[in-house]
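Scroll down for the structure; my scribbles are underneath it.
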Amino acid sequence: MEKFGKSQPVKRVEDVRFLTGEGRYVDDIAPADALHAYFFRSPVAHGVITTLDVTDAAEAEGVHAVLTIKDLEAAGMDISMAATVLQNRDGSEGAKPLRPMLAKDRVRFVGEPVAVVIAETMNQARDAAELIMFDVDDLPTHMTLERGGETLHPEAPDNMAFDWGMGDEEATQKAFDAAAKTVSLNVGDNRIIVNAMEPRGCYAEWADGKVHVSNNGQGVWVHKGNLKRVFGLDDDHVQVTNPDTGGGFGMKAAAYPEYFSVAQAARALGRPVRWMSDRTEAMLSDNGGRDLTSLAEFAFDDNNKITAYRVSTKCNLGAYNSQFGQPIQALLFSKVLMGVYDVQTTWLQVEGYYTNTVQTDAYRGAGRPEAIYVLERLMDRAARELGVDPWELRRINFIKPEQFPYTSATGELYDVGEFNRLLTRVAVEADHDGFAARKAADAAKGLLRGQGLCYYIESILGDPAEGAKVAFNEDGTVFIYVGTQSNGQGHETVYAQFLSDQTGIPAELIHVIQGDSDLIKQGGGTGGSRSVTTQSTATLATVAKMTEAFTAFLSEEMGVPAAQISFDDERFRADGSNMTPTMLEVAEMARQKGRDDLLVHHERATLPGRSYPNGAHVSEVVIDPETGVVTVDRYTVVDDFGNLINPMLAEGQVHGGVVQGIGQAIQEHVVYDEDGQLLTASFMDYAIPRAADVPFVSFSSEPVPSTANLMGMKGCGEAGTVGALAAVSNAVQDALWERGVRQADMPFTPHKVWALLNDSAIAAE
């Protein structure tokens, strides 16, 4: 039998039902008698509520209730959304304003939920919302990442949420003072909307004092914990389920106000209530990504070796603290601050500001793209200013293989890495030597060609512990209960394939059970590229426990000491016995003997350390200077994901991530006007990448197995996006450099690029 270490490219089993309309998404499975919820949202960005009269709406046809924040408070709910607070550099606590589940006294962004209408049909709920009388005294909006302006929260009089730092500021300054050369760059990282294929949604129902909320999330336990707190319930009276989920990208990991209002409506009315966001509603209310600016600086010695690195970042939090936002923006930024380079002196300062926009978290890559984007853009600029080949400058500064295990300046313990090996491989795969000829050929046609390189590393984050439960059923099938949640990654295929590899149980008989807090009591959910590594580690632990239990049982059945029985991942064997049962056969033997205790096995395992996926991305773009249109013409990736369970799925993850990166670099961009109105609230105005915008993406695996888990795996979920932003941006900057453009920031839309070229031409005259 082929083993997982041989990396079998198995097709995804779940795709059949997804592509034939048999998926079970939250809007497909809501109870037939569920009422419909529609949220009335603030049409203005900032103001004091002077009128909120829902009387006419409550009396409209088909309407059962209209809830406001007063109704939630009257029901005894804790109306506060979970929020994370950072410690400021001076030791004080960052701002911690209340975020109510429905607007209370004031609104702070366009799209903030104010009231929820519950009706028999969605059309009735929507029509009734038009009858809500709502007036505000407008207040000025604050849309800039700087202190001052109209105060959003009294807890933050300067609109600063936190001023956080990490590293050794004094030592870093000394290194800069002693440097032979310093290089700096202001880097903008534009705001994006996640735009998962399936917008957010949920339904809620109550029975015997127990609430069941089903939503399309990235794990059930965060939501269960919040529901317990909000309603004052214990473990046994809260159930959360995640059915099929059409995309998450980190955005669906957090709690949102709608889930609690829908749950309370179901409790108050004694009937299930369902809610599903439409696309514009999602754009107005889903947590966004990026939206920060950074001043990044390198100090070099005479040999072009980096001696210090520092970054000062300003990030947009939106109107409120969020469940994950500040740590992701700051802490995760710092985790990969140093990338793959041997630098031991660093300083990172992050200032978070409130603005009249929806909450901004570092999603679609969870902080790693920001850090690597800033670092690799600065590396590209440094190469130009030092007159050094950008590939060679990276080689000079790489952590060398003999330096591992290596502790970075930010405290990350890198276990292994052979960065120059991957860089050498990607040069071949990308035909780096042929770039000059391609550039000359384009120049002859009046076109500009640029090449961009990014060498990234990311840290697998999240809970390092996970559990796996394996149950043998009477019909011969096997269930594996997992603590992660697939939202498009192919977990059903990977987990069944991995368990099959370890036990010999045919993969088609293995069914993956996920997303039910009643069936799975503990889990870390999906995020931070943690799922396959942590879940497979837990599966190995469960298989080991199961093998031990089966061996003890077989000792009597086979008539030999347990120590003489071995399992070769397919069958149990022992000298002196002609019995060679499979796992399934042993389970059936146990069932016949009444040993039900042998039919279910559960174990938890904790990773001893993080793993560090890394790799090189090379992008080539072609720019038409007459129109400013940027075309990504070639894209090459060589990744070190350690050992792969399924290379086909890993490649698919990379392709998707690269497309996300191309989308942000070339066309995606959130635009608010000065009054806080979202101008990019539909796909007519917000440009996501299409097939024609994406080239063939070459993917090669160059594994250096991790020592932090038994399988030597490293995770890959976010790697594509982490590398793509800087690779594409550096390629565009390379193409524009010869025309005198010295600063080019995403998104590289035709008008922006055309303007950069023309402004540069005018300046040169």
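Start at 1 with the first residue, then count along the sequence. Values reported hereafter were calculated over all heavy atoms of this structure, with side chains retained and with hydrogens, waters and symmetry mates removed.
- Atom CD of E385 is separated from atom CZ of F298 by 12.0 Å, given to the nearest 0.5 angstrom.
- Looking at S760, its side chain never comes within 3.5 Å of a backbone N or O of L756 through a donor-acceptor pair.
- Remark: E370 CD to L375 CG distance equals 13.0 Å, nearest 0.5 Å.
- D745 CG to Q733 CD: the interatomic distance, rounded to the nearest 0.5 Å, is 8.5 Å.
- Between W164 and L348, the closest side-chain pair of non-hydrogen atoms falls below 4.5 Å.
- Counting all heavy atoms, side chain and backbone alike, N287 lies closest to A254 at ND2-CB, 4.1 Å.
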ask   = So Q349 and D163, side chain to side chain donor-acceptor pair (under 3.5 Å) or not? Walk me through it.
value = CA-CA 7 Å; Q349 181 180 348; D163 177 9; 3.0 Å; yes

query = Does the pair N321 and Y354 meet the rule for a side chain to side chain donor-acceptor pair (under 3.5 Å), with working shown?
reply = CA-CA 8 Å; N321 293 8; Y354 296 116; 2.4 Å; yes

task = Run the numbers on S294 and T313 for side chain to side chain donor-acceptor pair (under 3.5 Å), then give the verdict.
result = CA-CA 4 Å; S294 301; T313 292; 2.7 Å; yes

inquiry  = Run the salt bridge (charged side-chain N to carboxylate O under 4.0 Å, His left out) test on E169 and R89 for me, step by step, so that the C-alpha distance in whole Å, both residues' side-chain angles and the decisive distance to 0.1 Å come before the verdict.
reply    = CA-CA 11 Å; E169 186 174 14; R89 288 194 296 149; 3.7 Å; yes

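- No donor-acceptor distance shorter than 3.5 angstrom exists from the side chain of T631 to the backbone of D633, with no hydrogens or angles considered.
- Put simply, the side chain of N186 does not reach to within 4.5 Å of the side chain of T293, judged on heavy atoms.
- The closest side-chain heavy-atom distance from S92 to F162 is not below 4.5 Å.
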task = Apply salt bridge (charged side-chain N to carboxylate O under 4.0 Å, His left out) to E738 and R449, showing your working.
result = CA-CA 10 Å; E738 64 186 63; R449 178 177 285 267; over 6 Å; no

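- A cation-pi arrangement is present between R384 and W737 under the rule of less than 6.0 angstrom and at most 45 degrees off the ring axis.
- Between I623 and V629 there is no side-chain heavy-atom pair separated by less than 4.5 Å.
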key: Derivation and outcome, ring-ring contact (aromatic ring centres under 6.0 Å, His included), residues F419 and F404   = CA-CA 12 Å; F419 309 137; F404 290 95; 5.7 Å; yes

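- Using a 4.5 Å heavy-atom cutoff, the side chains of T749 and H669 are not in contact.
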inquiry  = Could you walk me through whether E620 and R438 satisfy the salt bridge (charged side-chain N to carboxylate O under 4.0 Å, His left out) test, starting with their C-alpha distance in whole Å, then the side-chain angles of each, then the deciding distance to 0.1 Å, before giving a yes or no?
reply    = CA-CA 10 Å; E620 290 187 23; R438 293 190 292 275; 2.6 Å; yes

query = Would R394 and E376 satisfy salt bridge (charged side-chain N to carboxylate O under 4.0 Å, His left out), going step by step from the backbone distance to the final call?
reply = CA-CA 10 Å; R394 287 170 171 83; E376 291 295 295; 2.9 Å; yes

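- Looking only at distances, a side-chain donor or acceptor of N397 sits under 3.5 Å from a matching main-chain atom of N304.
- When side chains are defined from C-beta on, P625 counts as touching R739, because their heavy atoms get closer than 4.5 Å.
- Side-chain contact between V618 and E429 is absent, with no heavy-atom pair separated by less than 4.5 Å.
- A side-chain donor-acceptor contact under 3.5 Å links N159 to the backbone of G148.
- D415 and T707 share a side-chain donor-acceptor pair at under 3.5 Å.
- Cation-pi geometry between R147 and Y353 is not met at under 6.0 angstrom from the ring centre and within 45 degrees of the axis.
- Partner of V632 under the side-chain contact (heavy atoms from CB on, under 4.5 Å) criterion, out of V694, I666, V658: I666 alone.
- In this structure, CD in Q667 is found 13.0 Å from NZ in K752, a value given to the nearest 0.5 Å.
- Checked by atom type and distance alone, the side chain of D389 pairs as donor or acceptor with a backbone atom of W391 at under 3.5 Å.
- Taking the six-membered ring for Trp, F398 and Y455 have ring centres closer than 6.0 Å.
- The distance from atom CG of L317 to atom CG of L292, rounded to the nearest 0.5 Å, is 10.5 Å.
- Between D639 and V654 the shortest side-chain heavy-atom distance falls below 4.5 Å.
- One N or O on the side chain of T172 and one on the backbone of T346 form a donor-acceptor pair closer than 3.5 Å.
- Listed for the N316 side chain is no donor-acceptor partner under 3.5 Å among the backbone atoms of D291.
- Expressed to the nearest 0.5 Å, how far CG of L607 lies from CG of L710 amounts to 9.0 Å.
- Between the side chain of R634 and the backbone N or O of A430, at least one donor-acceptor pair lies under 3.5 Å.
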request  = For side chain to side chain donor-acceptor pair (under 3.5 Å), just list the numbers for Q664 and D189, CA-CA rounded to whole Å, side-chain angles, deciding distance to a tenth of an Å, and then say yes or no.
outcome  = CA-CA 9 Å; Q664 179 179 352; D189 196 348; 2.7 Å; yes

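- Checking side-chain atoms of Q173 against main-chain N and O of E170 turns up no donor-acceptor pair under 3.5 Å.
- Taking the six-membered ring where the residue is Trp, the centroids of H617 and Y456 are separated by under 6.0 Å.
- Remark: side-chain polar atoms of Q218 are paired, donor with acceptor, to backbone N or O of G250 under 3.5 angstrom.
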